[in-house]
Amino acid sequence: MNNLVFPILRLLADGRFHSGEDIARQFSVTRASVWNAMQAAEALGVEIFSVRGRGYRLPDPLQLLDGQAVLNALHDQRQRFKLVLFDSIDSTNSYLMQQAANGAAHGTVAAALLQTKGRGRRGRSWQSSLGASLTFSLLWRFQMGAAALSGLSLAVGLALVRTLHDYGLRSAQLKWPNDIQVRERKLAGILIELQGDMDGPSAAVIGVGLNLRLPAAMRAQIDQPVTDMASDLPVSIDPNELLGSLLRQLARVLDEFEQEGFGAMREEWQAHHAYHEEVVKLLFPDGREQYSRVHGVADDGVLLVQHEGGIQRFSSGEISLRGCAA
Ligand code: BTN
C-alpha cells in the first residue's frame with residue numbers, strides 16, 4: 001500500500017483542486033510520488049479528477065471518518081468502546097473475527113474509510129467506495145452461549161432503525177431478518193458472525209454496512225434495488241456523528257438484549273417491519289417459492305407466517321423474503 005494515498009485523500013476531501021506541486025511540497029515528496037499515489041488511489045476505486053495546470057480533486061467534497069471525532073461523538077459511552085480505524089482494509093468483520101479469537105476486548109470497534117472485500121450474508125459481497133458507505137464491525141462478548149443469540153441480528157436491526165429515525169429518516173424500515181430498507185430499497189445490511197460455545201460464553205462480531213452516498217456507477221453494479229441516506233436527507237451526514245450515534249444505540253440495545261432477550265423488543269421490531277401482516281414471497285434454497293402472510297416474529301427471532309390454516313416458523317438460514325412488489 002502506498003503510504004501517501006490516504007494523507008493526500010484527506011487533503012482532497014475538501015473537493016477543491018490541489019496542484020501536484022502544492023501536494024508534493026506539503027508532504028515533502030516529489031510530484032512523481034504524488035502522481036504514483038493518485039494512481040494507487042484510482043486502483044483502489046477512488047475517482048479522482050486530474051486536470052493539467054490545476055491539479056487533482058475529488059468529484060465532491062467528502063467528510064471522512066476521524067478517530068477523535070468518533071470518540072467525541074460517543075459522549076458518556078466513550079469508555080465502553082475501543083476504536084480501531086483503518087484507512088483501508090479487506091473486511092472489518094474478517095479483521096475482528098481474527099482479533100476476537102486472539103482475545104480482543106469486548107466493545108472493540110473496527111471501522112474503515114475503505115473496505116476492499118466487504119462480505120455480506122449468504123456469501124454475498126458488500127460493495128463500497130470512499131465516502132459511499134459507513135462500514136464498521138463491533139465485537140460484543142456475552143456470558144450466554146451462541147444458542148441463546150438467535151434474536152441478536154433482529155435486535156441489531158432495531159438499533160439501526162432507531163438511530164435512523166432519530167436522524168429524521170422516518171421511512172427506514174426493517175426487512176426480516178435484518179436488512180434496513182427505505183421504500184423497498186436496501187439502505188443497510190448487517191452481518192453477524194459468532195464465536196464460542198453453544199452454552200457460553202460467546203462473542204459476536206456485528207458488521208454493519210450503511211449506504212451514505214452511492215455513486216451512480218456503483219448503484220448500477222449492485223444486483224438489487226439500493227438507496228442511500230443522501231437520497232432522503234437534505235443535509236449532509238457527518239459519518240463521525242453517525243457512527244457515534246449508532247454505537248451508543250447499539251450498546252443500549254445489546255444491554256437490553258442481554259438482560260431481557262429479544263422478546264422485550266419484539267413488538268417494537270414488528271412495528272418497524274416493512275411486511276408485518278402482509279403477504280410476502282418466501283424463497284427456499286431449492287428454488288421453491290411460497291406466498292404467505294407474515295404473522296410476526298417469535299422471541300427467538302424466527303419468522304412466523306400463516307400458511308394453510310397454521311403457523312409456520314422459519315429461521316434466517318431457511319428462506320429469504322421478498323415483498324410482493326419485488
Ligand atoms: C448483508 O446485507 O448482506 C450484510 C452486509 C454487511 C456489510 C458489513 S460492512 C462492515 C462489515 N464488514 C464486512 O465485511 N461486512 C460487514
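Source: prediction; values computed, not measured. Counting convention: from 1, in listed order, for ligands and their atoms alike.
Below 4.0 Å from some heavy atom of Gly209 lie the following atoms of ligand 1, by number and element: 7 (C), 8 (C), 9 (S). Of all atoms in ligand 1, numbered sequentially from 1 with element shown, those under 4.0 Å from a heavy atom of Gly118 are 14 (O). Residue Val208 approaches ligand 1 through these ligand atoms, each under 4.0 Å from one of its heavy atoms: 8 (C), 9 (S), 10 (C). If you number the atoms of ligand 1 from 1 as listed, the ones under 4.0 Å from a heavy atom of Ile190 come out as 2 (O), 4 (C). Heavy-atom proximity to Gly120, at under 4.0 Å, picks out these atoms of ligand 1: 1 (C), 3 (O), 4 (C), 5 (C).
Residue-ligand proximity: Lys186 is placed with a non-hydrogen atom under 4.0 Å from ligand 1.
For a threshold of 3.5 Å applied to N or O pairs, the pair formed by Ser91 and ligand 1 contains at least one separation below that value. Ligand 1 has no N or O atom lying under 3.5 Å from any N or O atom of Thr135, backbone or side chain. Residue Trp126 places no N or O, backbone or side chain, under 3.5 Å from any N or O of ligand 1.
One side chain, Asn72 or Gln68, offers a donor N or O that lies under 3.5 Å from an acceptor on the other. Using a 3.5 Å distance cut-off with no hydrogens or angles, the side chains of Asp228 and Ser231 do pair a donor with an acceptor. For Gln290 and Ser292, the side-chain atoms include at least one donor-acceptor pair closer than 3.5 Å.
Taking a cutoff of 4.0 Å between a charged side-chain nitrogen and a carboxylate oxygen, Arg313 and Asp300 qualify as a salt bridge.
Under the side chain to side chain contact (heavy atoms under 4.5 Å, CB included) test applied with Leu139, the options Val109, Leu96, Ile206 reduce to a single match, Leu96.
Evaluated by nearest non-hydrogen atom to atom 10 (C) of ligand 1, the leading choice among Thr92, Asp90, Ile89, Leu96 is Thr92.
At least one side-chain heavy atom of Phe81 sits less than 4.5 Å from a side-chain heavy atom of Leu138. Between Gln63 and Glu241, every side-chain heavy-atom pair lies at or beyond the 4.5 Å cut-off. Using a 4.5 Å cut-off on side-chain heavy atoms (C-beta onward), Val253 and Val156 make no contact.
Taking atom 6 (C) of ligand 1 as the reference point, the nearest protein heavy-atom neighbour is Arg119 O, 3.6 Å. Among protein heavy atoms, the minimum distance from atom 12 (N) of ligand 1 is reached at Gln115 OE1, 2.9 Å. With hydrogens left out, the protein atom closest to atom 3 (O) of ligand 1 is Arg121 N, 2.7 Å, a heavy atom.
For Phe17, the ring-ring contact (aromatic ring centres under 6.0 Å, His included) test picks out no residue, with sequence neighbours left out.
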